[in-house]
Structure formats: structure tokens, C-alpha cells
Asker: 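Mind having a look at this structure? Questions to follow.
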Amino acid sequence: MKLSARIAAPAAALVLAGLTATACGAPQTSDTGTKKDEKTGTLRVWLFQEVGNKPKEKVVDAAVAGFRKTHEDAKVEIEYIPVETRAQRVKAAFNDPKSAPDLIEYGNTDTAGYVKDGGLADVSAEFAAWDDAEDTDPTAKESVTVDGKVYGAPLFVGVRALYYRTDVFADLGIKAPKSQAELISTAKKIHKEKPDLYGLAVGGAYTYGAMPFIWANGGELADGSGSAYKAAINSDKARKGIEAYTSLFGDTNCPAAKCAAMGGNATVTAFAAGKAAMAVGGDFSHTAVEAGTVRGKYAVVPLPGLAEGSVAPAFAGGNNIGVLRSTGHRTLAVDLMKALTGKETQAKMFDAMGFLPTYTDVRADAAKREPFVAPFVTTLGSGTKFVPASPAWGQIDSSLILPTMFQEIVSGRKDVAKASDDAAKKMDAAFADAG
């Protein structure tokens with residue numbers, strides 16, 4: 001998961017949680033997991049702990065209480081554990097079913113890897129028969145889908161848009177940009193007029209902020225056929241997007257010496273602190289910006305695409321909840337998954353934590369009640385993108401292949417063609433390793 005998809009997010013420091021399930025004897029597994037499906041007993045759930053976790057706990061507790069009303073013979077134990085330990089904890093759970101939980105919350109970029117590891121249960125039939133699922137955003141459903149099969153239910157979605165300083169724009173007599181070219185020229189105009197400000201805060205390590213520039217120009221990270229992928233980051237269209245993004249580094253907007261190493265958190269922090277006139281930030285960045293010096297002096301619009309008035313495709317981040325293949329309580333676990341991710345719970349989670357619902361109707365209602373959500377809902381409605389649904393993505397992301405490419409370009413060590421070719425080779429090696 002790109003949890004700084006909630007910065008990514010964004011990002012708040014997140015924490016994953018783990019509890020242990022009671023197992024009777026060694027699990028007998030098949031292609032669908034354990035053959036046991038006990039209708040009583042204790043369900044153990046691992047969830048991410050947020051900074052300020054109490055509001056989330058209240059929503060989860062309410063969902064569990066509702067579940068218990070119709071499943072009186074089942075008990076539920078929720079554990080919240082530090083996100084820093086999630087990789088080890090989840091891997092250990094997959095390898096040792098006796099100590100594994102029944103359900104886990106996981107980042108949506110982790111789906112393919114967890115499926116390859118054999119850890120998640122295929123819940124395609126139950127998801128298809130679930131009334132709430134009919135209104136699931138297509139991209140959110142994609143984030144739980146591998147090779148046409150569904151491995152969980154989306155919990156929330158996060159996207160990015162353009163934050164801009166209304167006071168700076170008014171002072172310079174300019175309006176929010178409506179195209180990518182205008183965004184770039186506006187950023188450079190602002191920095192020229194106000195050298196103490198980045199026109200648009202950008203970061204060489206801000207992968208998810210750079211992707212919309214690539215996608216808006218018709219480029220892709222990779223081309224897929226089934227579960228097989230080949231890097232496309234060095235295609236002509238992708239290179240146009242890379243050139244557009246990297247043109248924002250330098251003395252005319254965001255000096256490479258300061259901005260090449262910045263990630264998403266740093267760009268949002270720069271904006272919130274009044275050091276930038278614009279920044280690409282998520283719906284999940286709203287609280288941080290509100291706590292900054294720019295409170296009351298900013299607005300948000302969708303990040304513009306190539307054509308005037310268009311919206312650049314944004315990365316659809318977020319988290320999901322899945323049932324483990326090793327559970328001995330499959331039916332109960334699926335029912336609890338629905339309770340934790342259903343429309344009522346997601347509406348409450350938005351009110352408590354600001355997480356965007358994955359249901360189009362629930363999200364539309366949230367936008368009516370909270371105006372700041374509107375640009376992000378518009379972005380989602382305009383079409384979003386996702387990373388390659390390959391277990392290789394975790395390696396590509398953690399080995400910083402794309403940030404390295406951007407940094408090589410903005411530092412002048414390589415041109416766009418060479419840097420993108422080298423990145424493509426590294427991505428293809430990762431895809432090959434993943435099988």
C-alpha cells in the first residue's frame with residue numbers, strides 16, 4: 001500500500017494491528033483456503049492505527065456491535081499495531097495460519113503481492129451478491145481485484161488535487177490554472193514575481209504527485225496482459241509527461257537542490273507553511289493544511305490535464321479489508337468484512353476521520369455536507385488510475401526506481417531518454433522476478 005497514498009497517505013503515521021485466532025487442529029487447506037467454516041468462536045482482526053485513533057475505534061466498535069447483533073455466538077477481537085511492523089507481521093501470518101488473524105486491513109497497492117503469497121481469500125461470489133457492492137467505485141473495486149477475482153472489500157479511497165493560495169493569486173491578478181501548460185507557466189510566473197515562494201512545490205521523490213503528469217500525456221507506467229507486465233515508462237507519451245513534471249525543477253520554480261529530495265509530505269508541508277503558492281495534495285492532506293499558516297487563504301481545484309478544462313488522472317490510493325485464506329470462520333469473516341466496509345460504516349468513517357467513501361452515492365452525500373471534498377470527488381469522477389496489479393510493484397516502489405529516475409533528470413546526470421530507459425530496465429527485472 002502506498003500509505004502515504006495518505007500523506008499518502010499522506011501522511012499520517014499509520015499503524016497496523018494484529019490479533020490471534022483460535023484454531024482447532026492443523027488447518028486443512030485447499031484452493032479456497034481452510035476447509036473448516038465454524039459458525040461460532042472468536043474472529044481476530046488487524047487494523048491500521050491512525051494518528052488520533054480514537055475516532056476510528058468508535059466507528060469500528062459500532063460496526064462490530066452491529067455484527068454481533070446478528071452473530072450472537074461470535075466474538076470479535078480488534079488489535080491495532082504499528083504500520084512499521086506490518087510487512088513482517090503479515091508475512092508471518094501467511095506462513096503460520098495458527099497465529100494468523102481472520103481479517104486484515106491492507107493498503108491497496110499490496111493486493112497483488114498478498115494474493116501471490118496465497119494469503120487472501122477469493123471472495124468474488126460473496127462480493128458479487130452483496131447489495132452495497134453495486135455502488136462501489138470501479139477503481140476501488142480494481143484495487144481488490146487480481147486476474148478477475150476479488151480479494152477483499154475497499155474501505156476508503158484517496159486522491160490528490162491542486163491546492164493553491166487564494167491570497168497570492170489575488171495579489172498577482174491570476175486565476176487557478178485550467179490546463180497543464182497553464183499550470184507550469186503559472187508556477188513559474190509566481191516564482192518570478194515572488195522569489196521567496198515555490199510556484200508549485202514538487203518533489204523528486206513524490207512518485208504519486210508525478211504520475212498524473214505522465215497519465216495526462218497518455219503515458220503509462222507499464223502495459224499489462226493478464227498478470228504479465230512490461231514497463232512503459234520510456235514510451236514517447238510517458239516521456240512527455242516526465243518532461244512536463246521535471247520542467248518544474250530549477251531556478252524558475254522549485255530549485256533542484258531543495259526539491260529533488262522532497263516527497264509528498266514535504267511538498268504539502270511547504271504549502272501549509274506558506275512556502276509554496278501551489279501543491280499537489282490529497283483529500284487526506286486537508287487537516288494538515290488547515291493546521292498550517294495558510295488556513296483561510298487557500299482553495300482546491302482538480303489538477304488540470306492537457307486540454308483546457310480537463311482533469312489529469314489521479315492515482316487512486318486507499319485501504320481495503322480482506323479475509324485470510326487460513327481462516328476457520330470464512331462465513332463469519334466475510335460477514336464481518338461487510339460490516340466493517342459497508343455503506344453505513346464508511347459514512348461514519350468519513351465523518352470521524354475524513355476518509356473518502358468508496359461508494360459513489362455515499363461519497364456524493366459526503367461532498368454535499370463537506371464542501372472541501374468536492375474537488376476530490378470531481379477528480380474521482382473524471383477517471384483515476386492505479387499502479388500495475390503485480391506483486392512486483394512493492395519492489396519497484398520500495399527500491400525507488402521512479403524517484404531515482406526523476407532525480408537523475410533534474411540533477412542533470414541523465415537526460416529523459418536515458419533515465420527512463422534505465423528505469424524501464426529495472427522495472428522489467430522486477431516484473432520478471434515476480435513471475
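All heavy atoms count here, side chains included; hydrogens, waters and symmetry mates do not. Sequential numbering from 1 along the given sequence is applied to the chain's residues.
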Asker: Less than 4.0 Å between a side-chain N and a carboxylate O, is that true for E105 and K56?
Answerer: yes
Asker: State plainly whether the residues R295 and E290 are in salt-bridge range, i.e. N to O under 4.0 Å.
Answerer: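 Here R295 pairs with E290 in a salt bridge, since their nearest N and O are under 4.0 Å apart.
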Asker: So do L200 and L162 actually touch side chain to side chain, heavy atoms under 4.5 Å?
Answerer: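 L162 vs L200: side chains touch.
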Asker: Is it true that D196 and K275 make a salt bridge, defined as a side-chain N closer than 4.0 Å to a carboxylate O?
Answerer: no
Asker: By the definition side-chain hydrogen bond (donor to acceptor under 3.5 Å, both in side chains), identify the one residue from D132, D135, T358 that meets it with K343.
Answerer: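 Of the listed residues D132, D135, T358, the side-chain hydrogen bond (donor to acceptor under 3.5 Å, both in side chains) partner of K343 is D135.
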Asker: For residues Y114 and Y151, establish whether the separation of their ring centroids is below 6.0 Å.
Answerer: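 When the ring centroids of Y114 and Y151 are compared, they turn out to be at least 6.0 Å apart.
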Asker: Are the side chains of D351 and R369 in contact, using a 4.5 Å heavy-atom criterion?
Answerer: yes
Asker: Can you find a heavy atom in the side chain of P357 that is under 4.5 Å from one in the side chain of M349?
Answerer: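 With C-beta onward as the side chain, the pair stays apart.
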Asker: One pair to check against ring-ring contact (aromatic ring centres under 6.0 Å, His included): Y80 and F48. What are the steps and the verdict?
Answerer: CA-CA 6 Å; Y80 299 87; F48 292 125; 9.8 Å; no
Asker: Side chain to side chain contact (heavy atoms under 4.5 Å, CB included) between V373 and E370: does it pass, once the steps are laid out?
Answerer: CA-CA 6 Å; V373 173; E370 294 288 353; 4.0 Å; yes
Asker: Considering non-hydrogen atoms only, spot the tightest contact between A434 and P391 and give its length.
Answerer: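 For A434 versus P391, the nearest heavy atoms are CB-CG, 3.9 Å.
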Asker: Under a 4.0 Å threshold between the charged nitrogen and the carboxylate oxygen, would R165 count as salt-bridged to D167?
Answerer: yes
Asker: Identify the two heavy atoms, one from T293 and one from G274, that lie closest to each other, and give their separation to 0.1 Å.
Answerer: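 Of all heavy-atom pairs spanning T293 and G274, the closest is OG1-N, 3.5 Å.
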Asker: Are the side chain of Q346 and the backbone N or O of L155 linked by a donor-acceptor pair below 3.5 Å?
Answerer: yes
Asker: Rounded at 0.5 Å granularity, tell me how far OG in S390 sits from CG in D433.
Answerer: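 S390 OG to D433 CG: 10.5 Å, rounded to 0.5 Å.
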Asker: Given the side-chain rings of F350 and F355, with only the six-membered ring counted for Trp, is the space between their centroids under 6.0 Å?
Answerer: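 No.
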Asker: Would you compute the distance between atom CE of M427 and atom NZ of K230 and round it to the nearest 0.5 angstrom?
Answerer: 10.5 Å
Asker: Check whether any side-chain heavy atom of M211 lies under 4.5 Å from a side-chain heavy atom of L221, and answer yes or no.
Answerer: yes
Asker: Are S420 and N234 close enough that a side-chain donor and a side-chain acceptor fall under 3.5 Å?
Answerer: no
Asker: Would you name the heavy atoms of F376 and G282 that are closest together and state the gap between them?
Answerer: CE2-C, 3.5 Å
Asker: Closer than 4.0 angstrom, basic N to acidic O: yes or no for E243 and K240?
Answerer: no
Asker: Would you say that E77 contacts L43 through its side chain, given a criterion of any heavy-atom pair below 4.5 Å between the two side chains?
Answerer: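 No. Closest side-chain heavy atoms not under 4.5 Å.
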Asker: Can you tell me how the ring of W130 sits relative to the ring of Y359, calling it parallel under 30°, perpendicular over 60° and tilted otherwise?
Answerer: perpendicular
Asker: Take T379 and L303, measure what side chain to side chain contact (heavy atoms under 4.5 Å, CB included) needs, and give me the verdict at the end.
Answerer: CA-CA 8 Å; T379 299; L303 186 68; over 6 Å; no
Asker: Would you mind reporting whether V202 and C254 have side-chain heavy atoms less than 4.5 Å apart?
Answerer: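 Of all side-chain heavy-atom pairs linking V202 with C254, at least one is under 4.5 Å.
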Asker: Rounded to the nearest 0.5 Å, how far does OG1 of T136 lie from CZ of F127?
Answerer: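 Here the rounded value is 4.0 Å.
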Asker: Is a side-chain donor or acceptor of D283 paired with a backbone partner of V159 at a separation under 3.5 angstrom?
Answerer: yes
Asker: Find the distance between OG (S143) and CG (N320) and round it off to the nearest 0.5 Å.
Answerer: 4.0 Å
Asker: Within a strict 4.5 Å, meaning less than it, do heavy atoms of the P403 and T207 side chains meet?
Answerer: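 In contact.
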Asker: Only one of K414, R239, K426 passes salt bridge (Lys or Arg N to Asp or Glu O under 4.0 Å) with D421; say which it is.
Answerer: R239
Asker: At their closest point, which heavy atom of A62 faces which heavy atom of K348, and how far apart are they?
Answerer: CB-NZ, 4.2 Å
Asker: Let me confirm one number: the NZ-CD distance from K418 to E408, rounded to the nearest 0.5 Å.
Answerer: 9.0 Å
Asker: Answer yes if the side chains of T111 and N108 hold a donor-acceptor pair under 3.5 Å, and no otherwise.
Answerer: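 No.
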Asker: Check A231 against D428 and note the closest heavy-atom contact, atom names and distance.
Answerer: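 Looking at all heavy atoms of both residues, the shortest contact is N-OD1, 2.8 Å.
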Asker: Under the criterion ring-ring contact (aromatic ring centres under 6.0 Å, His included), I'd like the reasoning laid out for Y298 against Y164: C-alpha separation, chi angles, the key distance, then a yes or no.
Answerer: CA-CA 5 Å; Y298 73 93; Y164 72 98; 8.9 Å; no
Asker: Quick one, K58 and P55 - any side-chain contact, counting heavy atoms below 4.5 Å?
Answerer: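 No; the side chains remain at least 4.5 Å from each other.
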Asker: Closest approach of V387 and F315, non-hydrogen atoms and distance?
Answerer: CG1-CE1, 3.7 Å
Asker: Could I get the full list of side-chain contact (heavy atoms from CB on, under 4.5 Å) partners for S310, not counting sequence neighbours?
Answerer: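 Testing S310 for side-chain contact (heavy atoms from CB on, under 4.5 Å), a comparison that skips the adjacent residues, returns A307.
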Asker: Between the side chains of Y229 and E220, does any donor sit under 3.5 Å from an acceptor?
Answerer: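 Distance-only check fails for Y229 and E220.
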Asker: The criterion is side-chain contact (heavy atoms from CB on, under 4.5 Å); which residues satisfy it with A65, sequence neighbours excluded?
Answerer: none
